[in-house]
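Notes follow the structure.
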Amino acid sequence: MVEVVNAVGSGFFDREFDLSVVAGDLGSIANFDPDNYPGMYIRFSEDSPLVTVYRTGKYIVTGADSVDGLHEFNEKLIGLFCDNGIIERNDVEWFEVQNLVCTTSFDKDLNLSALAIGLGLEQTEYEPEQFPGLVYRNPSLDSVILIFSTGKAVITGSSDLDEVEAASDHLVDELARLQLN
DNA sequence: TAGTGTGTTTCTTATATAGGTCGTATCC
DNA sequence: GGATACGACCTATATAAGAAACACACTA
């Protein structure tokens with residue numbers, strides 16, 4: 001069972017912004033501090049995703065917990081900008097998912113040293129002194145998997161949920177093949 | 001040597017995972 | 001003062017974006 005914990009997307013409005021003015025128009029939900037970072041942050045509520053908007057019209061949405069939620073939030077953002085006269089509907093050029101961070105569990109403790117050997121040392125990085133997880137990069141997958149001794153794992157780097165599930169299935173198969181699961 | 005141009009790195013944000021370290025607080 | 005407990009933060013992973021700070025190469 002793969003669960004999305006963070007979905008990241010980026011988009012583009014065909015319009016340049018004076019972020020100081022936009023932040024002023026949006027009020028307390030916007031935060032723009034050019035001395036700290038060139039992007040303007042927008043957050044609708046404490047637990048909502050975060051939007052970073054740039055002068056060029058490009059923007060990033062982080063912190064959604066599903067792909068649908070990411071698109072819904074994007075629509076909410078577009079609505080906010082249109083309602084405040086910041087953009088018009090036809091200024092919306094594109095929006096796409098860039099990265100998914102997912103978790104899964106194999107429900108069994110794992111010997112990461114043995115797993116690193118079994119999966120192939122050229123495809124794994126395991127340095128417990130540096131980081132407790134095993135990093136698994138398989139060229140046939142478009143995701144990177146962090147595997148922990150508790151049997152839990154983090155799958156990241158893909159923009160497609162089907163690819164994430166394929167990566168999870170692949171690892172289940174590998175664990176079965178290696179008789180470590 | 002100084003100035004200019006180009007390229008690279010860092011910063012920031014979200015998020016899970018887990019081990020280690022560090023600082024602070026509480027108790028004896 | 002020493003021992004223990006706890007929280008915060010670091011480590012690593014991916015990704016987008018723009019700006020600033022660098023490093024390096026080249027020309028005058």
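A quick note: this is a predicted structure, and the numbers were derived from the prediction, not measured. Numbered from 1 within each chain, the chains take letters A, B, ... in sequence-line order.
- Remark: P of B:dT12 and CE of A:Met40 are 19 Å apart, rounded to the nearest angstrom.
- Cation-pi geometry between A:Lys152 and A:Phe106 is not met at under 6.0 angstrom from the ring centre and within 45 degrees of the axis.
- The main-chain N or O of A:Ser45 is found under 3.5 Å from a side-chain atom of A:Ser48 such that the two form a donor-acceptor pair.
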Mind listing the N/O atom pairs, protein and nucleotides 8-13 of chain C, below 3.5 Å?
from	atom 1	to	atom 2	distance (Å)
C:dA12	OP1	A:Gln130	NE2	3.2
C:dT13	OP1	A:Arg137	NH2	3.4
C:dT13	O3'	A:Arg137	NH2	3.4

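- No engagement by A:Tyr59 is indicated, since no non-hydrogen atom pair under 4.0 Å with the nucleic acid exists.
- Rounded to a whole Å, the CD atom of A:Gln98 is 7 Å from the P atom of C:dA17.
- To the nearest angstrom, C1' of C:dA14 lies 15 Å from CG of A:Asp160.
- A:Leu50 has its CG atom 12 Å from the C1' atom of C:dA16, to the nearest Å.
- Remark: A:Arg43 is not in phosphate contact with B:dT13, judged by side-chain N or O atoms under 4.0 Å from OP1 or OP2.
- Put simply, CD1 on A:Ile42 and OG1 on A:Thr52 are 9.0 Å apart, with the number rounded to the nearest 0.5 Å.
- Residues A:Tyr59 and A:Asn74 bring a donor and an acceptor atom of their side chains to less than 3.5 Å of each other.
- A salt bridge is absent between A:Glu96 and A:Lys58: the closest approach of a Lys/Arg side-chain nitrogen to an acidic carboxylate oxygen does not fall below 4.0 angstrom.
- The phosphate of C:dG18 (OP1 or OP2) has a side-chain N or O of A:Thr56 nearer than 4.0 angstrom.
- Aromatic rings of A:Phe13 and A:Phe81 (six-membered ring for Trp) have centroids within the 6.0 Å cut-off, being under it.
- If you check residues 64-73 of chain A against DNA chain B, you find no residue with a heavy atom closer than 4.0 Å.
- Separating the CZ atom of A:Phe12 from the C1' atom of C:dG18 is a distance of 14 Å, rounded to the nearest angstrom.
- Here A:Tyr54 and A:Phe17 keep their ring centres 6.0 angstrom or further from each other.
- Between the side chain of A:Glu75 and the main chain of A:His71, no donor-acceptor pair closer than 3.5 Å is present.
- Direction change of the helix axis from one end of the helix from B:dT1-C:dA28 to B:dC28-C:dG1 to the other is 80°, with five pairs defining each end axis (rounded to 10°).
- Taking every side-chain heavy atom of A:Ile60 into account, C:dA16 is the closest of B:dG19, C:dA16, C:dA19.
- Taking atom CG of A:Leu77 as the reference point, atom P of C:dA16 lies 19 Å away to the nearest angstrom.
- Using modelled atom types, one finds no donor on one side chain facing an acceptor on the other under 3.5 Å when comparing A:Ser158 with A:Asp160.
- For A:Val5, the side-chain atoms get nearest to B:dA16 when compared with the rest of C:dT15, B:dA16, B:dC11.
- A side-chain N or O of A:Ser10 and one of A:Gln98 form a donor-acceptor pair less than 3.5 Å apart.
- Remark on DNA chain B: of its neighbouring residues A:Glu129 and A:Pro38, the 5'-side contact belongs to A:Pro38, judged by nearest-heavy-atom nucleotide.
- In this entry the distance linking CZ of A:Phe13 with C1' of C:dA17 reads 14 Å, nearest Å.
- Between the CG atom of A:Leu115 and the CG atom of A:Leu171 there is a distance of 7.0 Å, given to the nearest 0.5 Å.
- The side chain of A:Thr150 places an N or O atom within less than 4.0 Å of a non-bridging phosphate oxygen (OP1 or OP2) of B:dA18.
- Checked by atom type, the side-chain pair A:Ser66/A:Asp68 shows no donor-acceptor distance below 3.5 Å.
- Across all strands, A:Thr52 comes closer than 4.0 Å to no nucleic acid atom at all (heavy-atom distances).
- Taking atom OH of residue A:Tyr41 and atom P of nucleotide C:dA17, one finds them 15 Å apart after rounding to whole Å.
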